[in-house]
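The next block holds one structure in the form of structure tokens; read it before the comments.
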Amino acid sequence: MQRPESYSSGPDETGHFGIFGGRFVAETLMPLILAVERAYKEARNDPEFQRQFDYYAKHYIGRPSPLYHAQSLSKEFGGARIYFKRDELNHTGAHKINNTLGQILLARRMGKKRIIAETGAGQHGVATATVCALFDLPCVVYMGATDIARQAPNVFRMKLLGAEVVPVHSGTATLKDAMNDALRDWVANVEDTFYIIGTVAGPHPYPAMVRDFQSIIGREVREQIMEAEGRLPDALVACIGGGSNAMGLFHPFLDDESVAMYGVEAAGEGIETGRHAASLTGGEPGVLHGNRTYLLQDDDGQITDAHSISAGLDYPGIGPEHSWLHESGRAKYVSITDKEALDAFQLCCRSEGIIPALEPAHALAFVEKLAPTMSTDDLLVMNLCGRGDKDVFAVADALGVKL
Amino acid sequence: MNFSDQGSRLDRRFAELRSKGRAGLVTFVTAGDPDPETAFDILCQLADAGADVIELGMPFSDPMADGPAIQAASQRALANGMTLVKTLDQVRRYRGRDEDTPIILMGYYNPIYHFGVEAFLDSAVEAGVDGLIIVDLPVEEDAELCHPAMARGIHWIRLATPTTDDERLPAVMSNTSGFVYYVSIMGITGTRSADKEVVRQAVVRLKSHTDLPIAVGFGIRTPQQAREIGSVADAVVVGSAIVNIIAKSVDDNGNINDNLAGKVAEFVKELASGVRES
């Protein structure tokens, strides 16, 4: 693939990052997708929209989140100085709310009266239900029945926040099916409904729009690391389900050649077992949920199940911009198994006094491998994109502990 | 090739319907539902029962524009080993017995993309496929499959919907042939019901943008509805209602009612007589 002039200027007018992205949706949705695109273009250039976003980001979410030098783990792993971007300290406990805030402000601007969302681990559902409560809009969250069973605390949170949680039994009853049902709801209610997609996937303009809202992570890191170290980091590490926290961290650095980037996919029980969620490592390009990207699929082009201990990574696709960064070689994509993530989860609790979500525990498990290969002068930033309160039951279960 | 001096098989069929002065019946079934052999038996009875055009669903794991009935049909077919290659095989086999009834493949892009666009089109032309309806390929993505398909003489049939406004209609009506499929409801297949007066107005609007026949689908379940919609459109499409008969004939253990093809044919006959009264 030819090296582009800029890695950060995508997508093109038709929503493509190289061959990836696009607008693969039914005609019923197409006029609406175009309306969202127009509205977002206007909003992005409107200082008042930016002012509103910044106001709630600061006073409601609690941004900027700290950039914390994880001294114990830096010492334990040896090698690079490790910094955590503490997005787990955001209101609702994860990076997801950066995006739901941006999208609900856009929905209000478009005069929409009803919000729908899909959720896997429940973090995006909680973040959506939260901003819906804040702005007094009815909220319907689609969630796979399998995920509902393993993420009970988040289901209850969403209900407390006033959202309706609709269990999805079709297909494999996980995140991809929740997204199918959310799209079905949207097709049936295009007039008054806004669909807040939780990751950098879906039809254009969603991948770019979600990335832009999440890029607040990378922009803050840039400022904070300059303040702390007086220079840019040497490596960025983030976990990837759909890839929104990683895109948010990576994007402001894409044109800084000296900054290496690592996206960490979930290898589940191991890539070789077929029971994993690593779309780039173990998938092929295809078309699903409105975009062309790497997907887990069989020989007949049927989408296959993703497997991960972490419900938030359990998606058979990945954002199209990641597929493009992968093929262009700008970012590297690696994978971490359930077991490695569980070990890193416990290590983080003991060493740093931080209970991470299982999703960033995957990122940390890779940091454990990467940091020792770097010099003690090198700077590594990992996005600690969520806290682990929601996962304590799943982890106890995996460790054979009865609560 | 499906183009002859009299136009394509599909063009001939609509010309025939025009000369008879009646609306056509388009029946949808999912290829391989409930299993490949039973599905082929069903397929072989549709035309005799009164289907003028056969729409054959290509099973897909994630049919976003379809309701529960058609998603379940895909799942039954896939669970019983149906694949895109086998769907094309069934069309080829069917052509050995019926040269006249047009077959339109309907589905989603990923299985075709995965198979390879050129290889798929070669195989589709050779098997005797007349047209394609690919739900998740809007005008914006015409370069993917629409242009290559039309270059091979395969009809590219578009969906027009209540949300397709006048600004957008000219684009939707370009690069299309055979007929236009009007989605009569906002929503997924087999959920809401189509309203005759609303459909009539929509058909009038579409006709001001195209000379192609207009088929109406996504909310027609009964012979009465088929008759009503048939009185204001060139053809009616019935899918979920047929698929539901198949669903009810399979028990929890996967056992299939012996006379399933006959039951489907019986219902198609009722639909056909409804359409013929319109």
Side-chain angles (χ1 to χ4, degrees), chain A residues 13-16 19 21-35 37 168-172 176-177 179-193 202-204 283-293 295-305 316-317, chain B residues 58-68 71-72 74-75 77-78 81-87 107-116 120 133-141 143-145 158-165 167-168 171-172 181-183 185-189 191-192 218:
Chain A
E13 273 299 300
T14 57
H16 290 88
I19 67 161
R23 287 177 286 215
F24 296 87
V25 295
E27 172 60 24
T28 315
L29 283 181
M30 210 47 229
L32 188 61
I33 297 281
L34 294 172
E37 185 187 349
V168 175
H169 297 280
S170 61
T172 54
K176 79 175 174 74
D177 306 287
M179 201 155 176
N180 290 337
D181 268 21
L183 283 164
R184 289 172 178 137
D185 179 309
W186 207 21
V187 169
N189 299 288
V190 285
E191 311 258 317
D192 68 340
T193 297
H204 177 64
E284 291 173 85
V287 172
L288 180 72
H289 294 152
N291 63 130
R292 177 173 10 238
T293 192
L295 299 171
L296 301 182
Q297 52 187 319
D298 67 15
D299 291 344
D300 189 41
Q302 308 297 335
I303 309 306
T304 53
D305 292 6
Chain B
M58 296 176 279
F60 183 49
S61 53
D62 293 80
M64 280 101 61
D66 285 298
Q71 174 157 22
S74 266
Q75 286 179 346
L78 293 172
M82 201 59 189
T83 61
L84 185 54
V85 171
K86 287 183 187 170
T87 299
Y108 296 79
Y109 186 37
N110 196 56
I112 295 171
Y113 180 70
H114 192 79
F115 191 90
F120 168 77
I133 303 176
I134 307 300
V135 182
D136 53 356
L137 285 178
V139 179
E140 281 72 9
E141 303 292 349
E144 297 284 335
L145 184 60
R158 285 207 204 281
L159 301 177
T161 73
T163 59
T164 312
D165 54 24
E167 195 188 324
R168 198 172 158 75
V172 171
Y181 188 138
Y182 182 66
V183 175
I185 53 160
M186 279 205 274
I188 49 178
T189 51
T191 48
R192 298 172 182 177
F218 272 56

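So you know, we letter chains A, B, ... as the sequences are listed, proteins then strands, and number each from 1. Worth saying up front: this structure is predicted, and the values here are computed from it rather than measured.
The line from OG of B:Ser61 to NZ of A:Lys176 is 5.0 Å long, rounded to the nearest 0.5 Å. Atoms CG and OG, from B:Asp62 and A:Ser170 in turn, are 8.5 Å apart once rounded to the nearest 0.5 Å. In this structure, OH on B:Tyr113 lies 4.0 Å from CZ on A:Arg292, to the nearest 0.5 angstrom. Annotation: the span from A:Thr28 atom OG1 to B:Met186 atom CE amounts to 9.0 Å, rounded to 0.5 Å.
In this structure, chain A has no heavy atom under 4.5 Å from any part of B:Ile134. For B:Phe115, no part lies under 4.5 angstrom from a heavy atom of chain A. With a threshold of 4.5 angstrom between heavy atoms, A:Asp298 approaches chain B through N, CA, C or O but not through any side-chain atom. Neither the backbone nor the side chain of A:His204 has a heavy atom closer than 4.5 Å to any heavy atom of chain B. For A:Leu32, no part lies under 4.5 angstrom from a heavy atom of chain B. Heavy atoms closer than 4.5 Å to chain B are found nowhere in A:His169, neither backbone nor side chain. There is no contact between A:Asp185 and chain B, counting heavy-atom distances below 4.5 Å. Neither the backbone nor the side chain of A:Pro203 comes within contact range of chain B, judged by heavy atoms closer than 4.5 Å. Interface remark: B:Asp66 contributes backbone atoms only to the contact with chain A (heavy atom separation under 4.5 Å). Neither the backbone nor the side chain of B:Glu167 comes within contact range of chain A; no heavy atoms are under 4.5 Å apart.
The 12-atom threshold is not exceeded at CG of A:Asp299, counting heavy atoms of other residues, nucleotides or ligands nearer than 6.0 Å.
For the pair A:Gln297/B:His114, a side-chain contact is recorded, criterion being any heavy-atom separation below 4.5 Å from C-beta on. A 4.5 Å side-chain heavy-atom check between A:Gln302 and B:Thr83 finds every atom pair outside the cut-off. In this structure, the side chains of B:Glu141 and A:Met30 stay at 4.5 Å or more apart for every pair of heavy atoms. In this structure, the side chains of A:Arg184 and B:Pro63 come closer than 4.5 Å at one or more pairs of heavy atoms. The shortest side-chain heavy-atom distance between B:Tyr108 and A:Val287 does not fall under the 4.5 Å cut-off.
Of the residues considered (A:Ile303, A:Leu29, A:Leu183), A:Ile303 shows the highest number of contacts with chain B, using heavy-atom pairs under 4.5 Å. Looking only at heavy-atom pairs under 4.5 Å with chain A, the residue among B:Val183, B:Leu78, B:Leu137 that has the most is B:Leu78. Between chain B and the residues A:Thr172, A:Thr304, A:Asn180, A:Leu34, the largest count of heavy-atom pairs under 4.5 Å involves A:Asn180.
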**Message:** Assess the residue pair A:Thr14 and B:Glu140 against the criterion (side-chain hydrogen bond (donor to acceptor under 3.5 Å, both in side chains)); give the C-alpha distance rounded to whole Å, side-chain angles, the decisive distance to 0.1 Å, and a yes or no.
**Reply:** CA-CA 8 Å; A:Thr14 57; B:Glu140 281 72 9; over 6 Å; no
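With hydrogens and angles disregarded, a donor-acceptor distance shorter than 3.5 Å links the side chain of B:Asn110 to the backbone of A:Gly301. Between the side chain of B:Thr163 and the backbone N or O of A:Pro31 there is no donor-acceptor pair closer than 3.5 Å.
Checking each of A:Val187, A:Val25, A:Leu288 against B:Met64 for a side chain to side chain contact (heavy atoms under 4.5 Å, CB included) leaves exactly one that passes, namely A:Leu288.
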